[in-house]
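Below, chains carry the letters A, B, ... as their sequence lines are ordered, and counting in each starts from 1.
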Number of protein chains: 2
Amino acid sequence: MSGVSIATVSRVLNNPDLVARNTTERVQRAVRELGYRPNLFAKSLLSKRSRVIGVSLPDIHGEFYAELMHAADRRARELGYHLLVSAGAHQEDAPRTDNDSTGAGFAIDLVDGLIVMLTEQSRSDLEAIARLNIPTAVIGCDRPGARVETITYDNILGAEQATEHLLEGTPPERCYFVGAHKGNLDSDDRARAFTDTLRARGHEPDTDQIAYGEFTFEWGWDWASSRMDADALAGAAVFAANDEIAVGIANAARERGLEMPRDIRLVGFDDSRICTLLRPEISSVRVPIPDLASEAIDALVRRIESPERDPKHTRLATSLVIRDSSRLKERA
Amino acid sequence: MSGVSIATVSRVLNNPDLVARNTTERVQRAVRELGYRPNLFAKSLLSKRSRVIGVSLPDIHGEFYAELMHAADRRARELGYHLLVSAGAHQEDAPRTDNDSTGAGFAIDLVDGLIVMLTEQSRSDLEAIARLNIPTAVIGCDRPGARVETITYDNILGAEQATEHLLEGTPPERCYFVGAHKGNLDSDDRARAFTDTLRARGHEPDTDQIAYGEFTFEWGWDWASSRMDADALAGAAVFAANDEIAVGIANAARERGLEMPRDIRLVGFDDSRICTLLRPEISSVRVPIPDLASEAIDALVRRIESPERDPKHTRLATSLVIRDSSRLKERA
DNA sequence: ATACTCGATGAAAACGATTACATCATGCGT
DNA sequence: ACGCATGATGTAATCGTTTTCATCGAGTAT
């Protein structure tokens, strides 16, 4: 030290106004020369804060994950926080650590708060989270009961737009929804919006018009293939629950000589990279992933820093991006 | 407490053999009933260990990032570590935090070690890392000078395989390499292997046969488009430095009526999801991303836990996956 | 000149664990 | 029966901060 006590050093670093001008300068010089850095563990021990946020995501597909993490990381850093990841923590086969007494797949004691993305309809996850008693922001599910922040994207809005767009050029009985398994929050919402929109047009959808499978290329392919053996999809309009399914459908259709949008009109969901890599480009519902991430960080940080406030529930709009796979000719 | 001192409690938790059988049980029962969990910050303060690993990745594309993080997280968790992310920390515009005195974009003092992926030829990154004086594993660059672990994938091997595969059915003067910008470690290695393989066949590649751009769909598209205006690519074989470029080329080619593999043969790099989503499926060089991640974690943890050992330098093999975009007809 | 305030700084307690050392009882050998 | 090794447990120092409280000196008002 440069002739001063550790208390003064601490003050210089945290409350420079409490200490005399020239002392401040002397200490700062010493700090610089010695390359001194305060020990974060000691700080945390005292403050019970680590400025670390845990992020627990289900096994979502690559792009979504990457985009979400990038945006979250960026926003967290702006606010002086860091991100601790826990990819696929909900999976049963994920190894458990000592510190993970909760089964949430996490070093709970290390983080100031948690961001959890939920895609499945399951109470157990939510209960586990509530039991943690730690500031939490939930992405993707807006009725978690507990006192947590929620950030969702408007599946209904996007799916309505997509369905209405398809209905503009295709009769309701020739419209199809190809979803993932029942119980998936996103797929279910999108299916419901599809159904409701058809009903609003006075058409009760046939069970045949709504199919459940998985969020995969293969499922899309299989669905389209089996359809085409039966009654040929020519003239149909298909709303796929995500882009992978859409691509599967697109490929199967092309292989059978159907051209988009002339013979089949197609809309996906997520507006992922693949949509613009295929020809024709695929229409899709855009989910504002970066906003989702930064809203989640903002909400969580707000909650961490003032826990008394009531949790906020944010819903982000989605928007249909119309591309050649579904564009009506008279409009093109 | 249940009639015992804190020292004994600590021993029960860490060295159960030092304490009497029935005391152990009594304490464990109390621990369970009280839901006691040792404070990690206090532990870290004493041990100077956090069991947290920092991961700093450049702005690589979605799938690569996601796959790497998933595998790294899984392996880290198995070893009792957690991952702190720092996506795009090398970027100039990334906000800086207080704790980031080093400019490495990181709360260095929080982590036991660092995994850094480098894709660009730049000494400054390396020097910054070396100055940190913290256990480090570098992914993607095998000559970092400093005492760090390195984990690379064999760009040369994969690129040689790809080039030789193309040379099997196409004369050397009709083979092209479409790379990213010079200075990118991956692209440069792949370009060199391409050149060397052609030379080994006695053909000195024309400057025209090697192009530099970016790792993007658009660059691939532009390259193919400009080529086709000039001398028509029919009969050519193209090795793209990554899959995005390859897709751009594939689309431009199809738009002009060229069919793969009949008129053009194409091989990409990374073996990403997109390769099997397009028709025809695109040949590509597979990079063992999960292995890359877990090797990096293993190496880093080894180094953290026994720093005296000499750093290991691991190189993982890549392998060409032949699909319809480049398959020779007589072999199909 | 005295008392009072205020600004600057140091001393020491606290955060919650680990661990070297001290203590104490027990059982053993002689 | 005494000394001593041994095993179990408590005491207290320690890690590196922050923060409360006390101290001290100087300036100011009466």
Side-chain angles (χ1 to χ4, degrees), chain A residues 1-52 80-82 97-101 107-112 133-134 304-305, chain B residues 1-52 80-82 97-101 107-112 133-134 304-305:
Chain A
M1 305 185 207
S2 54
V4 86
S5 83
I6 59 172
T8 306
V9 176
S10 173
R11 276 187 280 257
V12 169
L13 266 47
N14 301 307
N15 292 62
D17 17 331
L18 288 184
V19 59
R21 187 68 54 95
N22 59 3
T23 313
T24 304
E25 285 169 10
R26 198 150 33 93
V27 171
Q28 284 177 334
R29 181 153 20 90
V31 163
R32 222 170 300 126
E33 284 174 12
L34 272 62
Y36 167 81
R37 276 162 11 209
N39 183 308
L40 293 183
F41 303 134
K43 267 176 124 104
S44 292
L45 174 58
L46 205 50
S47 67
K48 290 160 180 357
R49 288 285 185 74
S50 61
R51 301 195 78 83
V52 170
Y81 283 78
H82 286 274
T97 57
D98 308 344
N99 303 326
D100 174 20
S101 39
I108 286 299
D109 307 294
L110 221 150
V111 303
D112 291 346
N133 205 26
I134 187 182
I304 289 172
E305 295 179 354
Chain B
M1 302 181 211
S2 54
V4 86
S5 83
I6 59 172
T8 307
V9 175
S10 173
R11 277 188 279 259
V12 168
L13 265 48
N14 301 308
N15 291 61
D17 18 331
L18 289 184
V19 59
R21 187 67 56 93
N22 59 4
T23 313
T24 304
E25 285 169 12
R26 200 150 32 94
V27 171
Q28 284 177 334
R29 181 153 22 89
V31 164
R32 222 171 300 127
E33 285 174 12
L34 271 62
Y36 167 82
R37 282 171 355 220
N39 183 308
L40 292 184
F41 304 134
K43 270 177 122 102
S44 291
L45 175 58
L46 203 50
S47 67
K48 292 161 180 354
R49 288 285 186 76
S50 61
R51 301 195 77 82
V52 170
Y81 283 78
H82 286 274
T97 59
D98 308 342
N99 303 327
D100 174 20
S101 38
I108 286 300
D109 308 295
L110 223 151
V111 303
D112 291 346
N133 206 26
I134 186 183
I304 289 173
E305 295 179 354

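For D:dT9, the OP1/OP2 oxygens have no side-chain nitrogen or oxygen of B:Thr8 closer than 4.0 Å. Applying the 4.0 Å criterion to OP1 and OP2 of D:dG16, one finds that B:Lys48 has a side-chain N or O inside that range. Checking the phosphate oxygens (OP1, OP2) of D:dT18, no side-chain nitrogen or oxygen of A:Ser47 falls inside 4.0 Å. B:Ser10 has no side-chain polar atom (N or O) that falls below the 4.0 Å cut-off from OP1 or OP2 of C:dA17. Regarding contacts with the backbone of D:dT18, a side-chain N or O of A:Lys43 is found under 4.0 angstrom from either OP1 or OP2.
Two residues, A:Thr23 and B:Asn15, neighbour DNA chain C, and the one matched to the more 5' nucleotide by heavy-atom proximity is A:Thr23.
One atom, CD1 of A:Ile6, and another, P of C:dA8, lie 20 Å apart when rounded to the nearest Å. Atom pair A:Leu18:CG and C:dT9:P shows a separation of 10 Å (rounding to whole Å applied). Nucleotide D:dT20 holds its P atom 10 Å from the CG atom of A:Leu46, rounded to whole Å. Computed from coordinates, the A:Asp17 CG to C:dA8 P distance equals 10 Å when rounded to whole Å. Distance A:Leu45 CG to C:dA13 P: 17 Å, rounded to the nearest Å. Regarding B:Asn39, its CG atom lies at a distance of 14 Å from the C1' atom of D:dT17, rounded to whole Å. Distance A:Phe41 CZ to C:dA17 P: 16 Å, rounded to the nearest Å. In this structure, CZ of B:Arg11 is placed 14 Å from P of D:dG7, rounded to the nearest angstrom.
Here the straight-line distance linking atom CG of B:Leu40 with atom OG of A:Ser44 works out to 10.5 Å at 0.5 Å rounding. Annotation: the span from B:Leu13 atom CG to B:Thr8 atom OG1 amounts to 11.5 Å, rounded to 0.5 Å.
In the interface, the side chain of B:Arg37 is not paired with the base of C:dG16 through any donor and acceptor atom under 3.5 Å apart.
A pairwise comparison of heavy atoms in B:Tyr81 and B:Asp112 identifies CE2-OD2, 3.9 Å as the closest pair.
When heavy atoms are screened at a 4.0 angstrom cut-off, B:Ala7 is found touching base atoms of the nucleic acid.
Shown here is B:Asn14, whose CG atom has more than 12 heavy atoms of other residues, nucleotides or ligands within 6.0 Å.
Applying the side chain to side chain contact (heavy atoms under 4.5 Å, CB included) rule to B:Glu25 yields the partners B:Arg21; only residues at least two apart in sequence or on another chain are considered.
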